Chemist: 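Please see the structure below; I have some questions.
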Amino acid sequence: AVDEFGKTLLEDLRAIYNSNIFSIQDYGRKCYSLWQLLPNELHMEEPFHVLSYADDPLSWGDESQTRKIYEELFDFYK
């Protein structure tokens, strides 16, 4: 059940990411907020844990590293 949820979640997050409807900064904030809403038992589980830190490189201006983290995350179930 968790794998099904994770797979569906990542497919939806990929679609939103690829739509470019949000700046990478806003996307990162929304992913972090989503992570906070997940059940506590999922917080430290992969792939969900990545949502808590993927935008950290933005704090030192490294957008490409943040994008790399998200793009690798989207392939977690492949």
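None of these values were measured; they are calculated from a predicted model. What's counted below: heavy atoms across the whole structure, side chains too, no hydrogens, waters or symmetry copies.
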Chemist: Can you confirm whether more than 12 heavy atoms, excluding those of Glu4, are under 6.0 Å from its CD atom?
Modeler: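 No, CD of Glu4 has 12 or fewer neighbouring heavy atoms, counting only those of other groups under 6.0 Å.
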Chemist: Do the side chains of Leu10 and Ile21 join up, straight or via other hydrophobic residues, at under 4.5 Å, putting them in one cluster?
Modeler: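 Shared cluster, yes.
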Chemist: Please, which pairs that meet side chain to side chain donor-acceptor pair (under 3.5 Å) have at least one residue in residues 58-78, sequence neighbours excluded?
Modeler: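 Output for this query lists Arg14-Asp75, Tyr17-Arg67, Tyr17-Glu71, Asp62-Ser64, Glu63-Arg67, Lys68-Glu72.
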Chemist: Can you see which heavy atom on Leu38 is nearest to which on Phe48, and at what distance?
Modeler: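 Taking Leu38 first and Phe48 second, the nearest heavy atoms are CD1-CB, 3.8 Å.
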Chemist: To the nearest 0.5 Å, what is the distance between OH (Tyr27) and CG (Asn20)?
Modeler: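 Tyr27 atom OH to Asn20 atom CG measures 10.5 Å (nearest 0.5 Å).
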Chemist: Any side-chain heavy atom of Phe5 sitting closer than 4.5 Å to one from Leu42?
Modeler: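 Yes - at least one pair of side-chain heavy atoms lies under 4.5 Å apart.
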Chemist: Is any side-chain heavy atom of Leu13 closer than 4.5 Å to one of Phe74?
Modeler: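 SC-SC contact between Phe74 and Leu13 confirmed.
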Chemist: Which residue pairs pass the side chain to side chain donor-acceptor pair (under 3.5 Å) test with at least one member in residues 40-57, sequence neighbours excluded?
Modeler: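 Sorted pair list comes back empty.
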Chemist: Considering all heavy atoms of both residues, which atom of Pro57 and which atom of Ile69 are nearest to each other, and what is their separation?
Modeler: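 Closest heavy-atom pair between Pro57 and Ile69: CG-CD1, 4.0 Å.
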Chemist: Listing request: all salt bridge (Lys or Arg N to Asp or Glu O under 4.0 Å) pairs with a residue in residues 18-35, at least two apart in sequence or in separate chains.
Modeler: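 Sorted pair list: Asp26-Arg29.
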